Amino acid sequence: MVLTMNASPPSRPRAGVPDHFWFGSDKYHHAATLRRTLEQLYQQPVSGTLWTTEVLSAVSEVSISEIQRAFDPGPDLVERKTYERLLYALETDEESRQVCLRIHALLSSQLQQRGAPPDDIAQITTAAEFQQALAKLAEQAGLSLRDLAMKMRGHDSAHAWARSALSAYVTGQKLPDQNKKEHLRTLLVVLCKATGRAPEDAEHYLDAWQGLHARPQHRVPGGNTSPLVQLGRDRQDRQLGPPPAEQDRPSPEPVSLTGIGLFLLIATAIMAGLLLLVGIVLSF
């Protein structure tokens, strides 16, 4: 895959997926075929555009976390309409489209389908937006830091933050570290339950958070430039290529006045000697 701004959609089974899903079953065969078909469309775009998941997300209006899950089916499966939108954005031919949708239909009878995240979670694309969303969720829960810490311990005592650590996360001051996935999951489960959100929203929030760590955060100097515009600039830079390196040329050494005088003196002496020699020869 030709990528410029982020890692590619997953091309291997996700960590944590049971081995019995991937081996010795039709599920693996179907999932691998669907993944391979999508990756071929991603690698060889009809328009020649160099895809990134940011650009594909902008064109298809599918969240980055959903794109990653669509490219890596199992053990759950995204909705058919998500694949429809991705296939349309990828400008796929009818044959490839039918292959993907047929395999999706087969997998839908074998895997649990998980719906797309709600709009407010799907719109989370930056660390700042996630911090704001988490702070808003905590505010809606209406729990004190003490109560929140206690409920986290009650849900999963092995992955619960202390009250002092919670403050920075629920006030939008800090993004949880990558090695705190299970702690964040516990927090999200407690907050979603307290706010009356669907239980699966905790996983949707977690997917959005993981999507932030799965790709580098790029800032465009001079304002917010859309991924499509930035992609055009990146392509132009690649076509032009880097400026040719100038060959190292020895710089001329400074001319010494003393050297010039010495040269003239030697030349004068030589000329005088020649003239003297000519005079002696003529005298004979």
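Computed from a predicted model, the values in this text were never measured in an experiment.
Formation of a donor-acceptor pair under 3.5 Å by the S167 side chain with backbone atoms of R163 is not found in this model. Side-chain N or O atoms of Q98 include none that pairs as donor or acceptor with a backbone N or O of E94 at under 3.5 Å. Listed for the S96 side chain is no donor-acceptor partner under 3.5 Å among the backbone atoms of T92. Of the possible polar contacts, one joining the D93 side chain to the E95 backbone as a donor-acceptor pair under 3.5 Å is found. With hydrogens and angles disregarded, no donor-acceptor distance shorter than 3.5 Å links the side chain of Y205 to the backbone of I121. In this structure, the side chain of T186 does not engage the main chain of A160 through any donor-acceptor pair within 3.5 Å. With hydrogens and angles disregarded, no donor-acceptor distance shorter than 3.5 Å links the side chain of Y42 to the backbone of L90. In this structure a side-chain-to-backbone donor-acceptor pair under 3.5 Å is missing from S57 to E54.
Salt-bridge formation is detected for the pair E182/R185: a Lys NZ or Arg NE/NH1/NH2 atom is positioned less than 4.0 Å from an Asp or Glu carboxylate oxygen.
Rounded to the nearest 0.5 angstrom, L187 CG and Y169 OH are separated by 10.0 Å. Atom OG1 in T33 sits 5.0 Å away from atom CD1 in I103 (nearest 0.5 Å). Atom CZ in R69 sits 11.0 Å away from atom CD in Q210 (nearest 0.5 Å). Expressed to the nearest 0.5 Å, how far CZ of R80 lies from CG of L107 amounts to 13.0 Å. For the atom pair H104 NE2 and L77 CG, the distance stands at 4.0 Å (nearest 0.5 Å). Distance check: Q178 CD to L212 CG gives 10.0 Å after rounding to the nearest 0.5 Å.
No single ILVMFWY cluster, assembled from side-chain heavy atoms under 4.5 Å apart, contains both L106 and L87. At a threshold of 4.5 Å between side-chain heavy atoms, the hydrophobic network of Ile, Leu, Val, Met, Phe, Trp and Tyr places Y88 and V78 in two separate groups. Transitive grouping of hydrophobic side chains (ILVMFWY, heavy atoms separated by less than 4.5 Å) keeps M152 and V189 in distinct clusters.
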Inset, instruction - Determine, step by step, whether Y83 and L38 satisfy the side-chain contact (heavy atoms from CB on, under 4.5 Å) criterion, reporting the C-alpha distance in whole Å, the side-chain angles of both residues, the deciding distance to 0.1 Å, and the verdict. - result: CA-CA 10 Å; Y83 282 97; L38 286 173; 3.6 Å; yes
Inset, instruction - Go through D201 and K193 one step at a time and tell me if the salt bridge (charged side-chain N to carboxylate O under 4.0 Å, His left out) criterion holds. - result: CA-CA 10 Å; D201 280 0; K193 183 176 181 180; over 6 Å; no
Inset, instruction - Check the pair Q123, E129 against side-chain contact (heavy atoms from CB on, under 4.5 Å), reporting the backbone distance first and the verdict last. - result: CA-CA 8 Å; Q123 292 172 359; E129 289 173 351; 5.8 Å; no
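Residues A138 and V170 share a closest heavy-atom pair of CB-CB, 3.6 Å. Pairing each heavy atom of A89 with each of S60, the nearest pair is CB-CB, 3.8 Å. Closest heavy-atom contact between T37 and C100: CG2-SG, 3.5 Å.
Side-chain contact between K174 and Q131: absent, with no pair of heavy atoms (C-beta onward) separated by less than 4.5 Å. Looking at heavy atoms from C-beta onward, W209 lies out of side-chain contact with L134 at the 4.5 angstrom threshold. Annotation: side chain of D207 is not in contact with side chain of P117 (no heavy-atom distance under 4.5 Å). By the 4.5 Å heavy-atom criterion applied to side chains, E84 and R97 are counted as neighbours.
Using the six-membered ring where Trp is involved, H183 and H159 have ring planes that are perpendicular, over 60° apart on the 30 and 60° scheme.
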Using residues 140-151 as the side-chain source, report each donor-acceptor pair under 3.5 Å to any protein atom, sequence neighbours left out, with the distance given to one decimal.
| residue | atom | partner | partner atom | Å |
| --- | --- | --- | --- | --- |
| S144 | OG | D147 | N | 3.1 |
| S144 | OG | D147 | OD2 | 3.2 |

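Residues passing the side-chain hydrogen bond (donor to acceptor under 3.5 Å, both in side chains) test with Q173 are T171, sequence neighbours excluded.
The only member of V59, L41, L56 that meets side-chain contact (heavy atoms from CB on, under 4.5 Å) when paired with L86 is L56.
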